[in-house]
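Working notes for the structure below.
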Amino acid sequence: MKRLLLFFWFSLRFIHISAQDLYNYDNSKKFAEYLSKSGQYELATREFERLTFMQPQNDSLKTSLLTMYRRSGKLDDAVARGRQLYPDLSLMTAPSAIEYSRILLLRNDFKTAGNFWAINKRLSQPDKVILQATAEILKDDYKEANEILATLKDNDHQLAYDYKTLAAQAVKVKTKSPALAGIMSAVVPGTGRFYAKDWKDGIVSMLFVGTMAFQSIRGFNKSGVNSTRGWIYGTVGLGFYLGNIHGSVVSAKNYNKKSRQTFRNRIDNLFNSYF
């Protein structure tokens with residue numbers, strides 16, 4: 001009986017020690033990092049929340065926690081948590097400030113981001129310039145981005161030269177006027193799409209509208225104003241003609257959107273390569 005009691009006592013003691021070991025700081029941190037690397041961001045968020053509770057003064061953990069909120073797509077929660085972790089945003093450490101800025105940019109909350117950069121004392125001035133230029137590029141204001149970057153020397157920041165080069169290229173890219181595209185297709189069907197570099201749809205529009213117009217005129221010439229064939233082809237052709245005008249406007253807008261997205265993607269790659 002005595003041996004049996006000793007066995008149970010040692011068993012319970014072992015379980016207790018194992019549990020303590022499992023939930024200690026080092027093991028918990030390894031588990032949180034594993035969850036992050038494996039893409040389990042929501043679970044990783046919970047683990048980093050627990051770690052932050054264990055070491056509330058650890059700024060590295062705070063940065064990781066904000067990152068997990070961002071990667072799990074909970075941007076609003078990330079902003080709220082950032083303000084809880086740093087009640088005085090002016091003293092938010094640089095790594096956390098960069099992550100917090102990234103979250104604000106993803107939310108397109110440019111006004112809040114600008115106010116944050118103005119008050120934060122931990123971010124370097126070159127970093128602030130890069131962040132401000134990033135915001136302007138995301139707003140498609142390449143001229144303003146160039147003016148902001150002009151205050152930065154190439155050796156002031158690792159991204160300075162590449163950002164300046166990209167912003168300068170963006171300014172030179174000419175956008176397409178949706179109104180002009182519509183007018184062109186109204187005059188000569190399909191040409192508005194050609195203007196917007198939508199060659200395939202432009203050819204289809206030109207051939208289809210032209211064919212419908214030809215068949216309609218042919219029908220009216222043969223049977224007069226009461227020509228069923230003329231009215232059918234004319235009605236179909238008119239509908240496609242109006243649709244082509246609208247489509248040309250859309251093509252011009254899509255062209256501009258693709259051009260902007262190209263620069264946004266390049267900026268995103270540059271931004272992520274450094275921060």
Side-chain angles (χ1 to χ4, degrees), residues 29 32-33 36-37 39 41 44-45 48 52 57-73 75 78-79 81-83 85-86 88-173 258-275:
K29 190 169 186 292
E33 291 171 347
S36 174
K37 290 178 181 178
Y41 301 125
T45 301
F48 277 109
T52 303
Q57 303 305 317
N58 190 322
D59 287 304
S60 177
L61 291 177
K62 294 178 183 180
T63 303
S64 296
L65 177 57
L66 292 177
T67 301
M68 291 305 102
Y69 272 111
R70 171 176 61 82
R71 289 182 175 175
S72 62
L75 301 181
V79 172
R81 196 68 181 96
R83 293 185 178 184
L85 294 169
Y86 297 95
D88 186 350
L89 292 178
S90 68
L91 299 179
M92 182 182 284
T93 58
S96 290
I98 292 295
E99 184 58 46
Y100 190 71
S101 298
R102 191 197 301 264
I103 292 164
L104 293 175
L105 291 174
L106 285 172
R107 294 175 76 236
N108 292 326
D109 196 349
F110 303 117
K111 183 178 180 180
T112 301
N115 292 336
F116 172 63
W117 299 327
I119 66 170
N120 186 268
K121 300 175 182 178
R122 302 296 179 82
L123 281 170
S124 69
Q125 185 57 32
D127 275 344
K128 288 184 179 183
V129 171
I130 291 295
L131 288 167
Q132 289 166 355
T134 301
E136 296 305 324
I137 290 173
L138 292 176
K139 289 188 289 185
D140 304 318
D141 193 343
Y142 306 124
K143 182 179 179 181
E144 181 64 23
N146 272 283
E147 292 178 0
I148 291 172
L149 290 168
T151 65
L152 203 62
K153 296 179 181 178
D154 289 351
N155 58 357
D156 285 343
H157 197 283
Q158 185 177 329
L159 294 179
Y161 176 79
D162 290 333
Y163 256 61
K164 286 182 178 181
T165 301
L166 186 58
Q169 292 174 353
V171 169
K172 294 178 182 178
V173 172
K258 288 179 181 178
S259 296
R260 291 192 295 267
Q261 191 60 47
T262 297
F263 285 105
R264 288 187 178 196
N265 291 340
R266 291 172 66 184
I267 278 293
D268 187 57
N269 290 334
L270 283 173
F271 189 88
N272 290 329
S273 69
Y274 177 79
F275 294 113

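Since the structure is predicted, the reported quantities are computational estimates derived from the model, not experimental observations. Each residue takes its place number in the sequence, starting with 1.
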Inset, instruction - Report yes if some heavy atom in the side chain of L123 is under 4.5 Å from a heavy atom in the side chain of L131; otherwise report no. - result: yes
Inset, instruction - Nearest 0.5 Å please: distance from the OG1 atom of T45 over to the CZ atom of R81. - result: 11.0 Å
Legend entry - side chain to side chain contact (heavy atoms under 4.5 Å, CB included) assessment of L66 paired with L85: CA-CA 10 Å; L66 292 177; L85 294 169; 4.2 Å; yes
Inset, instruction - For the residue pair L91 and Y86, establish whether any side-chain heavy-atom pair is separated by less than 4.5 Å. - result: no
Inset, instruction - Taking the side chain as every heavy atom from C-beta outward, state whether Y274 and I98 have any atom pair closer than 4.5 Å. - result: no
Legend entry - Inter- and intrachain pairs under salt bridge (charged side-chain N to carboxylate O under 4.0 Å, His left out), touching residues 132-143, at least two apart: E136-K139, D140-R260, D140-R264
Legend entry - Interatomic spacing from CD in E144 to CG in L149 - rounded to 0.5 Å: 10.0 Å
Inset, instruction - Write down the atom of I148, the atom of A133, and the distance for their closest heavy-atom approach. - result: CG2-N, 4.2 Å
Inset, instruction - Check whether any side-chain heavy atom of S36 lies under 4.5 Å from a side-chain heavy atom of R71, and answer yes or no. - result: yes
Inset, instruction - Identify, with sequence neighbours excluded, every residue that meets salt bridge (Lys or Arg N to Asp or Glu O under 4.0 Å) alongside D162. - result: none
Legend entry - From CA spacing to verdict: side chain to side chain contact (heavy atoms under 4.5 Å, CB included), Y161, N155: CA-CA 8 Å; Y161 176 79; N155 58 357; over 6 Å; no
Inset, instruction - For a side-chain hydrogen bond (donor to acceptor under 3.5 Å, both in side chains) with S96, tell me which candidate from N120, T63, T67 qualifies. - result: T63
Inset, instruction - Please name all residues satisfying ring-ring contact (aromatic ring centres under 6.0 Å, His included) with Y41, sequence neighbours left out, ordered by chain then number. - result: none
Legend entry - Side-chain heavy-atom pair L270, T134 within 4.5 angstrom cut-off: no
Inset, instruction - Check A160 against D154 and note the closest heavy-atom contact, atom names and distance. - result: CB-O, 3.7 Å
Inset, instruction - Hey, could you give me the CG/CG distance between L159 and L166, rounded to the nearest 0.5 Å? - result: 11.0 Å
Legend entry - Test side chain to side chain contact (heavy atoms under 4.5 Å, CB included) applied to F263 and R266, step by step: CA-CA 5 Å; F263 285 105; R266 291 172 66 184; 4.0 Å; yes
Legend entry - Atom pair OG/CH2 of S101 and W117 - distance to nearest 0.5 Å: 5.5 Å
Inset, instruction - Check the pair D156, V129 against side chain to side chain contact (heavy atoms under 4.5 Å, CB included), reporting the backbone distance first and the verdict last. - result: CA-CA 10 Å; D156 285 343; V129 171; over 6 Å; no
Legend entry - Side chain proximity check, I137 to Y142, heavy atoms < 4.5 angstrom: yes
Legend entry - Donor-acceptor under 3.5 Å (D109 side chain, L104 main chain): no
Legend entry - Within 6.0 Å of CZ in F271, more than 12 heavy atoms from elsewhere: yes
Inset, instruction - Can you measure from NZ (K62) to CE (M92) and round to the nearest 0.5 angstrom? - result: 9.0 Å
Legend entry - Counterpart residues, salt bridge (Lys or Arg N to Asp or Glu O under 4.0 Å), relative to K29 (two or more places apart): E33
Inset, instruction - Look up atom OG1 in T151 and atom CD in Q132, then write down how far apart they are to the nearest 0.5 Å. - result: 8.0 Å
Inset, instruction - Answer yes or no: is there a side-chain heavy-atom contact under 4.5 Å between L89 and Y100? - result: yes
Legend entry - Qualifying residues under salt bridge (Lys or Arg N to Asp or Glu O under 4.0 Å), relative to E147, sequence neighbours excluded: none
Inset, instruction - Quick one: sort the F275 and H157 rings into parallel, tilted or perpendicular, breaks at 30° and 60°. - result: tilted
Legend entry - Heavy atoms of other groups near R83 CZ, more than 12 under 6.0 Å: no
Inset, instruction - Applying side-chain contact (heavy atoms from CB on, under 4.5 Å), name anything that partners N265, two or more places apart in sequence or on another chain. - result: Q261
Inset, instruction - Measure the shortest side-chain to side-chain distance between L105 and R102 over non-hydrogen atoms and say whether it is less than 4.5 angstrom. - result: no
